[in-house]
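We name chains A, B, ... by the order of the sequence lines, and we start the count at 1 in each one. This is a predicted model, so every value here is computed, not measured. All heavy atoms count here, side chains included; hydrogens, waters and symmetry mates do not.
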There are 2 protein chains.
Amino acid sequence: MERRTYHHGDLRGALLDAAESLVRERGVDGWSLREASARVGVSPSAAYHHFASRDVLVRTLADRVLAGLGRRMANAAARADPAQRVVAAGRAYVRWAVEDPSVARLVFRGGSAEPAAAVTPHPHDVLSAELDRLAEAGVLSASARAGAEYVVWAALHGLATLLVDGLVHVDGPRALDREAERLVRTAITGLSHEPPRPVPRTGPRTRRYD
Amino acid sequence: MERRTYHHGDLRGALLDAAESLVRERGVDGWSLREASARVGVSPSAAYHHFASRDVLVRTLADRVLAGLGRRMANAAARADPAQRVVAAGRAYVRWAVEDPSVARLVFRGGSAEPAAAVTPHPHDVLSAELDRLAEAGVLSASARAGAEYVVWAALHGLATLLVDGLVHVDGPRALDREAERLVRTAITGLSHEPPRPVPRTGPRTRRYD
DNA sequence: CCGGCCATCTTAGCGGTGTTCAGAAACCGT
DNA sequence: ACGGTTTCTGAACACCGCTAAGATGGCCGG
């Protein structure tokens, strides 16, 4: 990490980058702020002019990384066969987690830097959008659609975390995709066969990765 | 923490108890081994005669706590209406997590003290048993039954972790139960409407909380 | 009853951590 | 050229996990 000037230029961004590498290499907590500073070529205390604490650094990084997941899901849905959009988004979710488990753990751990963080597009929202399509297409009734994003999200998130934490193991990307697809397919057909409810469901509230 | 003898008697157990309280009070990582030792009334280094490291202490505690969840699920299923057994077990899973989020995070984080830990009954196994009942009752075909534990488990685990990590919020225990029930009902009906597969599915492997 | 053994606990200390704070260094507008 | 401001440094504090060497006292053979 060469540095020709006394002032760094973009120390804040560089620290986030270093932290992301360290998370990837050694896990969410397997590194120190001092180490990240050293990697950037700066004294330990320099970081405190950009982040109030190590924890804020980590949570800011989590926010930054989460947006990438949302984009990946949206892209996957966009380039998929119209009948497969949700499935594609779901597959992207768990693939992302498995490809980079440490970073995924970082994000899943929750706790955002800014409460009103504008993470766009948020995974929850791309799931919601796809389910809206399904409702318009008539495969989901109004009552089944209400809160449906939470059942799909829960299923995906569950598989992703079980894999990422090593609680469950699948061998190979093919099997992984199959499992993710089965999950969202099961959820969708389950929802579509749901007995109609009198009052539209409300479901959980205040989704946030914050 | 009085102590009349120089030797403690059951320092190992006392340390696990102290650690469990500390996890409950301040989160999985919001405490130090020194603090747990002090709470038990013992010098910091005493712990190292019973646990190779702080990490081993924590993972041993996780094992101990996990068995409680399995028992709760089994009990809930046992005392439930026969048609509601899986639902009851699932409800127990997410209730348990929400009632004691820090401890749940501890368990969910994974990593066991002994790889071959005989955690009985394991949550995965009680889910499996209930799905076997459903298969016998004919609501699940053989191909739908194969690997179904992972679908249900993933859904439950996803909701539990989303709640525990504060990524979603439901207000009140009623809403919580409703959500958990919807999840497993959706999964079951989704699985029961699954198009039959030629070869019985294999599904993920090596379930373990270790 | 006693002496010694040995598991158990303690004291002291090492290297490393997050964080603070006073001051040096370089950039920037005038 | 210079003063003010931003940005980084150096030293220090309290605490951490962990180790090594020694004190303590329950226990067992005599």
(request) Return yes if the base of C/dT19 and the side-chain atoms of A/S53 contain a donor-acceptor N/O pair under 3.5 Å, otherwise no. (result) no

(request) Mind calculating the distance between NE2 (A/H49) and C1' (D/dG10) to the nearest angstrom? (result) 12 Å

(message) Without decimals, in angstroms, what is the distance between A/D29 CG and C/dG18 C1'?
(response) 13 Å

(message) Without decimals, in angstroms, what is the distance between B/F51 CZ and D/dT19 P?
(response) 15 Å

(message) Check this for me: does any side-chain nitrogen of one of A/R59 and A/D55 sit under 4.0 Å from a carboxylate oxygen of the other?
(response) yes

(request) Choose from D/dT9, C/dT10, D/dG17 the nucleotide whose nearest atom is closest to any side-chain atom of A/A46. (result) D/dT9

(request) Would you indicate which nucleotide in C/dC9, D/dC8, D/dC18 comes nearest to any side-chain atom of B/R54? (result) D/dC18

(request) Find which nucleotide of DNA chain C each of B/R34 and A/S32 is nearest to by heavy atoms, and output the residue with the more 5' nucleotide. (result) B/R34

(request) Using the closest heavy atom to pick a nucleotide of DNA chain D for each, name whichever of A/L11 or B/W31 lands nearer the 5' end. (result) A/L11

(request) Answer yes when B/R39 and B/E25 have at least one side-chain N-carboxylate O distance shorter than 4.0 Å, and no when they do not. (result) yes

(request) Using the closest heavy atom to pick a nucleotide of DNA chain C for each, name whichever of B/H50 or A/Y48 lands nearer the 5' end. (result) B/H50

(message) Nearest whole Å is fine: how far is C/dT17 C1' from B/L33 CG?
(response) 16 Å

(message) Salt bridge check, A/E20 against A/R64: does any charged N sit closer than 4.0 Å to a carboxylate O?
(response) yes

(request) Using whole Å, report how far CG of A/D10 lies from C1' of D/dT6. (result) 15 Å

(message) Hydrogens and angles aside, do A/R91 and A/Q84 bring a side-chain donor and acceptor to less than 3.5 Å of each other?
(response) no

